[in-house]
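Structure record follows, encoded as structure tokens.
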Amino acid sequence: MKTILIALCLAAHVAAGEPARTVTVTAYCACKICCGKSASGITASGTRPVAGRTVAASRSIPLGTRIHIEGIGWRTVEDRLARRYDGRVDVYFASHTEAKKFGIQKRKIKHE
């Protein structure tokens with residue numbers, strides 16, 4: 001997935017039961033700017049992304065895993081990041097404006 005938000009990759013994987021780790025959290029929407037010219041609006045898991053539910057994460061975290069993002073809440077890994085962005089989490093927003101407003105943040109994450 002190609003996004004306009006570029007960030008440094010930090011923690012690669014947070015295993016269940018491990019303490020929370022701080023990672024770079026970015027945002028995306030289903031537009032061609034965020035997801036590339038072949039954006040179809042379908043996630044890697046085959047679902048349509050939903051704001052308040054969907055995040056994209058590295059392949060080291062299985063699809064369907066629930067992740068808690070500090071200050072945001074629980075989200076489900078339904079999409080994938082490009083390998084060059086492994087180690088961060090991309091939160092889905094319904095609009096490009098909302099995604100840009102979120103920007104790039106450092107947050108603690110943990111998962112079930």
Side-chain angles (χ1 to χ4, degrees):
M1 172 187 335
K2 184 176 173 186
T3 67
I4 61 168
L5 302 171
I6 300 173
L8 296 173
C9 297
L10 294 177
H13 177 67
V14 180
E18 286 186 13
R21 293 189 190 183
T22 301
V23 300
T24 298
V25 179
T26 56
Y28 77 110
C29 70
C31 78
K32 293 183 187 319
I33 296 170
C34 288
C35 296
K37 63 182 178 183
S38 62
S40 67
I42 302 296
T43 66
S45 64
T47 63
R48 290 209 176 271
V50 175
R53 182 187 78 199
T54 304
V55 294
S58 70
R59 287 154 183 80
S60 65
I61 302 174
L63 292 172
T65 300
R66 289 185 31 86
I67 294 179
H68 185 269
I69 304 168
E70 176 185 50
I72 295 173
W74 289 97
R75 300 292 186 269
T76 303
V77 176
E78 296 179 342
D79 215 351
R80 291 291 180 221
L81 296 166
R83 289 191 194 279
R84 68 179 177 229
Y85 299 122
D86 275 358
R88 81 173 192 205
V89 173
D90 223 0
V91 178
Y92 178 79
F93 285 87
S95 75
H96 190 74
T97 301
E98 290 175 289
K100 282 189 71 163
K101 184 177 177 182
F102 182 85
I104 300 169
Q105 303 181 17
K106 303 263 193 227
R107 300 280 180 120
K108 289 184 180 182
I109 67 165
K110 63 181 178 178
H111 65 76
E112 296 177 325

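Listed here is the closest heavy atom pair of Ala39 and Cys31: CB-O, 3.9 Å. In terms of heavy atoms, Gly87 sits closest to Ser58 at N-CB, 4.0 Å. Closest non-hydrogen pair, Ala30 versus Cys35, comes out as CA-SG, 4.1 Å.
Applying the ring pair (Phe, Tyr, Trp, His ring centres under 6.0 Å) definition to pairs two or more places apart or across chains, none involves residues 30-50. Within the structure, every pair that satisfies the salt bridge (charged side-chain N to carboxylate O under 4.0 Å, His left out) test and touches residues 59-73, not counting sequence neighbours, is listed here: Arg66-Glu112. Applying the ring pair (Phe, Tyr, Trp, His ring centres under 6.0 Å) rule to pairs touching residues 35-63 yields nothing, sequence neighbours excluded. Within the structure, the salt bridge (charged side-chain N to carboxylate O under 4.0 Å, His left out) test picks out no pair touching residues 34-52 (sequence neighbours left out).
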Report task. Test Tyr85 against Thr24 for side-chain contact (heavy atoms from CB on, under 4.5 Å), laying out the working first. Result -> CA-CA 10 Å; Tyr85 299 122; Thr24 298; over 6 Å; no

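Relative ring orientation between His68 and Trp74 is described as perpendicular, the plane-to-plane angle rising above 60° on a 0-90° scale split at 30° and 60°.
To the nearest 0.5 Å, atoms CZ (Arg75) and CZ (Arg53) are separated by 11.0 Å. Taking CD1 of Ile69 as the start and NZ of Lys110 as the end, the distance is 12.5 Å to the nearest 0.5 Å. Taking CZ of Phe102 as the start and SG of Cys29 as the end, the distance is 14.0 Å to the nearest 0.5 Å.
Applying the side chain to side chain contact (heavy atoms under 4.5 Å, CB included) test to Ser45 and every residue at least two apart in sequence or in another chain returns Thr43, Thr47, Leu63, Glu78.
Residue Tyr28 is tested with Ile33, Val55, Asp90, Leu81 for a side chain to side chain contact (heavy atoms under 4.5 Å, CB included); the sole match is Asp90.
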